[in-house]
Amino acid sequence: MKKDIHPANYRVVAFKDMSNEEVFLTKSTADTKETLEVDGVEYPLVKMEISRTSHPFYTGKSKLIDTAGRIDKFKNKYAKFKKPAKQEEEAKDSE
């Protein structure tokens with residue numbers, strides 16, 4: 001192996017899933033200023049919106065996580081293209 005190619009700040013880091021508060025430890029070089037105490041030991045903390053413990057693919061559960069109001073923003077943006085309910089009924093009746 002080549003010498004001096006690995007990063008110097010490779011250490012154990014706590015990753016926290018903010019959607020379900022799950023914490024897991026793994027080695028990483030991720031930069032962070034926050035820390036978290038796990039079992040009496042303080043680790044650098046990296047916060048995540050979604051991880052293997054909350055992702056629908058891994059959990060087998062389909063749940064909606066809307067952390068930034070994206071669904072409401074989408075609905076408001078495209079509401080102007082939606083036909084009023086009365087026009088939709090007339091369109092169906094004329095077919």
Side-chain angles (χ1 to χ4, degrees):
M1 285 183 43
K2 292 183 182 180
K3 293 183 179 186
D4 300 324
I5 63 169
H6 296 286
N9 66 340
Y10 195 65
R11 75 257 188 244
V12 177
V13 176
F15 285 86
K16 184 174 184 180
D17 185 336
M18 300 308 290
S19 65
N20 64 2
E21 304 297 319
E22 183 76 24
V23 176
F24 62 93
L25 301 174
T26 189
K27 291 185 178 182
S28 176
T29 60
D31 290 329
T32 182
K33 294 179 181 175
E34 297 181 72
T35 60
L36 178 71
E37 189 172 316
V38 179
D39 297 330
V41 180
E42 197 165 305
Y43 296 102
L45 173 65
V46 176
K47 294 180 180 178
M48 303 181 307
E49 287 186 31
I50 195 164
S51 72
R52 61 180 171 76
T53 60
S54 62
H55 194 283
F57 180 80
Y58 297 107
T59 62
K61 298 177 184 175
S62 181
K63 70 177 184 178
L64 179 64
I65 300 173
D66 185 23
T67 58
R70 287 175 256 185
I71 293 172
D72 291 332
K73 188 176 177 182
F74 177 84
K75 286 181 180 178
N76 291 337
K77 183 176 180 180
Y78 291 100
K80 61 186 173 187
F81 297 111
K82 186 177 180 184
K83 294 180 183 178
K86 192 172 189 179
Q87 286 181 347
E88 287 179 11
E89 290 175 12
E90 291 174 1
K92 288 180 184 178
D93 291 338
S94 63
E95 292 177 357

Show every salt bridge (charged side-chain N to carboxylate O under 4.0 Å, His left out) that has at least one partner inside residues 28-43, sequence neighbours left out. Glu34-Lys47

According to the ring-ring contact (aromatic ring centres under 6.0 Å, His included) rule, which pairs have a member within residues 22-46, sequence neighbours left out? Phe15-Phe24

Roughly how far, to the nearest 0.5 Å, is the CE atom of Met48 from the NZ atom of Lys16? 11.5 Å

Using every non-hydrogen atom in the two residues, find where Thr32 and Arg11 come nearest and quote the distance to one decimal. CG2-NH2, 4.3 Å

Honestly curious: do Val38 and Leu45 fall in one hydrophobic cluster under the side-chain, below-4.5 Å linking rule? yes

Mind listing the closest non-hydrogen atom pair of Pro44 and Val13 along with its distance? O-CG1, 3.3 Å

Would Leu36 and Leu25 show up in the same hydrophobic cluster when neighbours are defined by side-chain heavy atoms closer than 4.5 Å? yes

